[in-house]
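All residue numbers in this chain count up from 1 along the given sequence. Both backbone and side-chain heavy atoms feed into the values below; hydrogens, waters and symmetry mates do not.
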Amino acid sequence: AVEAVEAKKYDEAVQGLEAVLEDDSRNADALNYMGFSYRKLGRYELALNYYTRALKVNPDHKGANEYIGEAYLELNQPEKAKTHLDRLAKLCDSSCEEYAGLKKVWDAWQAKQKPS
């Protein structure tokens with residue numbers, strides 16, 4: 001399933017991840033990848049559902065915090081994204097790739113909001 005995600009074969013990834021989650025519905029990594037795959041497929045409601053489930057299992061899951069933040073920015077909900085950026089800042093400060101990834105998307109989103 002991870003290989004399918006990395007190859008951007010998101011439909012295939014969803015199928016593989018469904019099998020993983022049948023065996024372990026509380027697998028935070030699989031829930032996060034499922035959210036990521038659905039987000040890349042443009043199915044935001046499902047994506048947010050899976051990210052939220054991943055964070056219920058593990059509130060400190062850095063990947064889920066990063067990706068749900070990105071999803072919220074894509075949905076023009078910056079206040080929700082900021083919550084996850086702040087959470088990552090507490091979890092790993094600016095040194096971890098998840099914080100850096102969401103911060104980059106956050107900064108780009110902020111730059112687009114400024115009138116030219």
Side-chain angles (χ1 to χ4, degrees):
V2 174
E3 287 177 15
V5 170
E6 290 170 353
K8 300 181 180 179
K9 297 178 179 177
Y10 301 115
D11 287 319
E12 189 178 310
V14 166
Q15 291 175 0
L17 291 162
E18 283 174 348
V20 172
L21 292 170
E22 278 180 31
D23 290 338
D24 180 8
S25 65
R26 295 181 49 79
N27 182 321
D29 291 331
L31 291 165
N32 180 47
Y33 277 124
M34 188 71 102
F36 182 85
S37 297
Y38 276 124
R39 179 167 60 102
K40 293 301 185 178
L41 290 168
R43 301 184 67 190
Y44 286 92
E45 189 173 325
L46 282 169
L48 292 174
N49 178 315
Y50 280 101
Y51 290 139
T52 300
R53 286 175 57 192
L55 291 169
K56 280 183 183 169
V57 172
N58 179 2
D60 294 340
H61 194 286
K62 291 184 275 192
N65 275 289
E66 175 187 6
Y67 294 149
I68 197 170
E70 290 177 7
Y72 282 133
L73 288 173
E74 291 168 18
L75 294 169
N76 204 30
Q77 297 178 26
E79 64 290 338
K80 291 181 180 179
K82 185 74 165 74
T83 299
H84 294 282
L85 183 64
D86 292 345
R87 177 100 180 137
L88 284 167
K90 288 180 183 140
L91 287 173
C92 60
D93 67 54
S94 59
S95 65
C96 74
E97 67 182 69
E98 293 85 359
Y99 175 86
L102 181 52
K103 180 76 166 95
K104 181 178 177 182
V105 175
W106 172 264
D107 290 346
W109 186 89
Q110 291 280 71
K112 281 195 239 175
Q113 304 313 305
K114 294 180 180 157
S116 27

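Within a 6.0 Å sphere centred on CD of Gln113, other residues, nucleotides and ligands contribute more than 12 heavy atoms.
Arg39 and Tyr10 form no side-chain donor-acceptor contact under 3.5 Å, judged by distance and modelled atom types alone.
For the pair Glu12 and Ser37, the minimum side-chain heavy-atom distance is 4.5 Å or more. No side-chain heavy atom of Leu31 sits under 4.5 Å from any side-chain heavy atom of His61. With contacts defined as side-chain heavy-atom distances shorter than 4.5 Å, the pair Glu18/Val14 qualifies. Between Glu79 and Gln77, the closest side-chain pair of non-hydrogen atoms falls below 4.5 Å. The closest side-chain heavy-atom distance from Met34 to Val20 is not below 4.5 Å. Taking 4.5 Å as the limit, every side-chain heavy atom of Pro78 sits out of range of all side-chain heavy atoms of Tyr72. In this structure, the side chains of Leu102 and Asn65 stay at 4.5 Å or more apart for every pair of heavy atoms.
Nearest heavy-atom pair, Glu66 versus Gly101, reported as atom, atom and distance to 0.1 Å: OE2-CA, 3.6 Å. Heavy atoms only, all atoms of each residue included: Val5 and Ala13 are closest at CG2-CB, 3.5 Å. Minimum heavy-atom separation, Ala28 to Asn58: CB-CB, 4.2 Å. Ala71 and Tyr51 get closest at one heavy-atom pair: CB-CE1, 4.2 Å.
Residues Leu73 and Leu55 fall into different hydrophobic clusters, defined by Ile, Leu, Val, Met, Phe, Trp and Tyr side chains chained together at heavy-atom separations under 4.5 Å. Note on Trp106 and Tyr99: same hydrophobic cluster, where clusters join Ile, Leu, Val, Met, Phe, Trp and Tyr whose side-chain heavy atoms are under 4.5 Å apart, directly or indirectly. Val105 is connected to Leu91 through a chain of hydrophobic side-chain contacts under 4.5 Å among Ile, Leu, Val, Met, Phe, Trp and Tyr, so both are in one cluster. Following chains of ILVMFWY side-chain contacts shorter than 4.5 Å, one can reach Leu21 starting from Leu46, so the two form part of one hydrophobic cluster. In the hydrophobic clustering of this structure, Leu75 does not group with Trp109; members are Ile, Leu, Val, Met, Phe, Trp, Tyr whose side-chain heavy atoms approach within less than 4.5 Å, directly or through other members.
Residues forming a salt bridge (Lys or Arg N to Asp or Glu O under 4.0 Å) with Lys82 (at least two apart in sequence, or on another chain): Asp86. Residues passing the ring pair (Phe, Tyr, Trp, His ring centres under 6.0 Å) test with Tyr33: none are found, sequence neighbours excluded.
Atom OG in Ser25 sits 6.5 Å away from atom CZ in Arg53 (nearest 0.5 Å). Atom CG in Leu88 sits 11.0 Å away from atom NZ in Lys90 (nearest 0.5 Å). Atom-to-atom distance recorded for Lys104:NZ and Glu70:CD is 10.0 Å, nearest 0.5 angstrom. How far NZ of Lys112 is from CG of Asn76: 9.5 Å, rounded to the nearest 0.5 Å.
Relative ring orientation between Phe36 and Tyr67 is described as tilted, the plane-to-plane angle lying within the 30° to 60° band.
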